[in-house]
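Below you'll find the structure I mean.
In listed order, ligands and their atoms are each counted from 1.
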Amino acid sequence: MKQYNHFIGGEYKPSVNGGTMDIINPATGKKYATLASGDEADVKLAFQAAKDAAEGWTKTPLAKRQAIMQRIATIIEEKVDFLAEAEMLDSGKPISHAKGLEIPRAAANFAFFAAAASQLSSESHYMPGEAISYTLRQPYGVVGCISPWNLPLYLFTWKIAPAIAAGNTVVAKPSELTPVTATLLGEICNEAGLPVGVLNIVHGTGPDVGEAIVRHEEIKVISFTGSTAVGKRIAGICAEQLKKASLELGGKNAVIIFGDSDYDDALKTTVRSSFSNQGQICLCGSRIFVQWDIYDRFVSDFAERVQKLKMGDPSDPETKMGAMISEGHMKKVLSYIELAKQEGGEVIVGGNQVHLPAPNDGGYFIEPTIITGLDQNCRTNQEEIFGPVVTIMPFQTEEEAVTLANQTPYGLASVVWSDRLDRAHRVAGQLHAGIVWVNCWLLRDLRTPFGGVKQSGMGREGGWEAIRFFTEPKNVTIKYDH
Ligand code: NAD
């Protein structure tokens, strides 16, 4: 059985303590590979490799850095089938999702930030007759990147690409549930000519490896994507050490559908925004608010469409619904469906675990689930479920829709469906969210800021925000006469 190891100083290495853990295919429930499971000792080795590489990488001319990053993007594109298959086995997601969306976006991250690095200009300020000040944006040296399991290679590269484009070297940890494509990225970086030590990957659990990265006194910057609970813990450690952190956390996103919207487009897209990747995208809408005049019709049409979503073996190109990431997560999602019933909700579609035939008989599948009749303030509508479960609630007025949408501790993304221009602007401005889509979902321009408000995070990634995050501004003032 294959073992995936740490990638340190350009080489694959087992854990210092010899530790390993199982890698499970969620669509079969079976172990298919082994993962090196490290701790602080491996993080120290990775840090040293990154530190040794830092000076050389910082001094590498921008054009050369860009060429290497562009080459990484090209190799990812060339290997899209191989990487998509690996992502599917690791995560249980449909092959169409991995191949059509996630792996291409991982390539795009490298291509985009390679280009962006050369567009960053520094400000200068002239004090007439006295002096000129300018701002250098310098890399930090070694930075730490920690990513989750839901969009494995895409979110891993979303951090690494801007970090290295800005001239840093990296100690990174992918989720222990989905470590394979990140590990394969190591080979790709070697093939592209990335100097050894610029990217180092340490595998293992969050407390053993993630926390060792966060606590490392010489790793001065942490970019984290994951749950709000872990994000808060990391924020606490970073506060003690006065360490810079970007935290991209959970969500409980609202979709507001007004009676004046393009009904068919809203219906079709809301199926996608609810159940893509089995609802395991931080940007999925989970609370759907529909205006009274179209409420009954929408619920009935939505239910009909959702029942037609094809669940099955993730390797089937026609499959739209794959497996949940783990048995534990499946049980958590099912427990929320039970909670919803206790809270007075009616499960109008789905609600159950699905037992598929072999080879998927041990897999973690849940029916796409729609719940109506719940109050906005119940736990089902307040806590992140992160699965194929949505609630639908009616509203009367625009004001009411905004109030209901904002009644949650989270504030990552929202979607508004309306054909009225004044309404779209007004509502977008009032929603407590870092990202608002109007009449679309998941349409992403990599130049735009990405992140959430309230319990959904701190700081922004994407575009200039990412390059700025990974560089330290330094003001230099030069006096004319002295
Ligand atoms: P998680 O917080 O459990 O784990 C995320 C990563 O942090 C993993 O690599 C994990 O090993 C590591 N980790 C765990 N404990 C740690 C610790 N004490 N110190 C350092 N690292 C630690 O999250 P998850 O279950 O992997 O991912 C799902 C969550 O991620 C959901 O809440 C989802 O909304 C969120 N998410 C947010 C975004 C966003 O951009 N806002 C994107 C994707 C996922």
Determine, for Asp316 against Lys310, whether the closest basic-nitrogen to carboxylate-oxygen distance falls under 4.0 angstrom.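 Between Lys310 and Asp316 there is a salt bridge, with a charged N closer than 4.0 Å to a carboxylate O.
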State whether Glu102 and Arg105 are salt-bridged, where the test is any N-O pair (Lys NZ or Arg NE/NH1/NH2 against Asp/Glu carboxylate O) under 4.0 Å. no
Heavy-atom distance to atom 5 (C) of ligand 1: which of Ile237, Ile146, Thr225 wins?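 Going through Ile237, Ile146, Thr225 one by one, Thr225 has the nearest heavy atom to atom 5 (C) of ligand 1.
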Should the proximity of Asn150 to ligand 1, defined as any heavy atom under 4.0 Å, be assigned to the side chain, the backbone, both, or neither? side chain
Best match, Trp149, Tyr410, Phe224: closest heavy atom to atom 24 (P) of ligand 1: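 Answer by nearest heavy atom: Trp149.
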Identify whether the distance between the nearest side-chain nitrogen and carboxylate oxygen of Lys252 and Glu383 falls below 4.0 Å.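 Looking at Glu383 together with Lys252, the answer is no, because their closest N to O distance does not fall below 4.0 Å.
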Can you tell me which residue and heavy atom of the protein come closest to atom 28 (C) of ligand 1, and the distance to 0.1 Å?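 So the nearest neighbour among protein heavy atoms is Phe386 CE2, 3.7 Å.
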Evaluating non-hydrogen atoms only, which member of Pro152, Ser326, Gly206 is closest to atom 15 (N) of ligand 1? Gly206
Check ion pair Lys51-Glu218 (N to O, under 4.0 angstrom): yes
Min over Ser147, Gly226, Ser175 of heavy-atom distance to atom 6 (C) of ligand 1 lands on Ser147
Under 4.0 Å between heavy atoms, the region of Ile234 that gets near ligand 1 turns out to be side chain
Where does Leu249 meet ligand 1, judged by heavy-atom distances below 4.0 Å: at the side chain, the backbone, both, or neither? backbone
Could you tell me whether Leu412 approaches ligand 1 through its side chain, its backbone, both or neither, with non-hydrogen atoms closer than 4.0 Å?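 The answer is the side chain of Leu412.
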Flag the pair Glu211 and Arg233 as a salt bridge only when some basic side-chain nitrogen lies within less than 4.0 angstrom of an acidic carboxylate oxygen.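 Here Glu211 pairs with Arg233 in a salt bridge, since their nearest N and O are under 4.0 Å apart.
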For Ala229 and ligand 1, answer yes if some heavy atom of the residue is under 4.0 Å from a ligand atom, otherwise no. no
Ignoring hydrogens, just give me the one of Ala212, Gly210, Cys282 whose non-hydrogen atom is nearest atom 39 (C) of ligand 1. Cys282
